[in-house]
Amino acid sequence: MSETDVGTAAPVFFGFAGSSLALILANAGAAYGTAKAGVGISAMGVMNPEAVMKNIIPVVMAGGIGIYGLIVAVLLVNNVTVPNDSGVHLYKWSSGFKHLVLSC
């Protein structure tokens, strides 16, 4: 697994795995944050119904995390290169592992 080992598609797998992990983990975190914020708003709404709309900001911020994950995933996918005319992948192992680690 040297840096000059070109031609294999395995580094591309790690690049796409990093992209998919960025999307999956960010949206799982956004869903968890939305659920926790929704429970908090529901509990607060019982005691102070007038302040429900003021406290909706955590739900919106949790949704922003999902959008951030989508942006990172698109940026990572755009950095994965396609094979050249002879079918040799020029995408390096180091790039594949960097994209995998960057998503986490």
Side-chain angles (χ1 to χ4, degrees):
M1 207 166 65
S2 68
E3 190 63 35
T4 60
D5 184 21
V6 295
T8 181
V12 177
F13 167 76
F14 290 109
F16 285 127
S19 175
S20 62
L21 271 177
L23 188 61
I24 291 168
L25 293 176
N27 284 315
Y32 182 76
T34 301
K36 294 298 261 185
V39 168
I41 289 172
S42 298
M44 186 272 317
V46 172
M47 293 181 277
N48 190 5
E50 298 86 28
V52 170
M53 293 308 292
K54 291 180 188 174
N55 294 320
I56 202 82
I57 294 173
V59 176
V60 174
M61 297 305 285
I65 294 172
I67 295 169
Y68 172 74
L70 177 65
I71 292 169
V72 169
V74 168
L75 290 175
L76 288 177
V77 165
N78 286 334
N79 287 331
V80 177
T81 58
V82 297
N84 59 7
D85 293 334
S86 62
V88 176
H89 289 277
L90 299 177
Y91 190 70
K92 298 179 181 177
W93 283 96
S94 61
S95 298
F97 289 134
K98 285 177 190 174
H99 289 158
L100 180 64
V101 171
L102 180 65
S103 66
C104 298

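Numbers here are sequence positions counted from 1.
- Within the 4.5 Å cutoff, the side chain of K98 has no heavy atoms near those of the W93 side chain.
- Here the closest non-hydrogen pair linking N55 and P58 is O-CD, 3.3 Å.
- Considering all non-hydrogen atoms of both residues, A26 and G69 come closest at CB-CA, 3.4 Å.
- In terms of hydrophobic clustering, with Ile, Leu, Val, Met, Phe, Trp and Tyr side chains grouped at heavy-atom distances under 4.5 Å, I56 and M44 are assigned to a common cluster.
- Minimum heavy-atom separation, Y91 to T81: CB-OG1, 3.5 Å.
- Looking only at distances, no side-chain donor or acceptor of T34 sits under 3.5 Å from a matching main-chain atom of A62.
- I71 is not connected to L102 by any chain of hydrophobic side-chain contacts under 4.5 Å among Ile, Leu, Val, Met, Phe, Trp and Tyr, and they are in different clusters.
- Taking hydrophobic clusters as Ile, Leu, Val, Met, Phe, Trp and Tyr residues chained together by side-chain heavy-atom distances below 4.5 Å, L76 shares a cluster with Y68.
- Remark: N48 CG to K54 NZ distance equals 8.0 Å, nearest 0.5 Å.
- Cluster annotation: L100 and F13 are assigned to the same hydrophobic cluster (Ile/Leu/Val/Met/Phe/Trp/Tyr, side-chain heavy-atom contacts under 4.5 Å, transitive).
- In terms of heavy-atom proximity, P11 sits nearest to K92 at CB-O, 3.5 Å.
- V59 and I65 are assigned to two separate hydrophobic clusters, defined by single-linkage of ILVMFWY side chains at heavy-atom distances under 4.5 Å.
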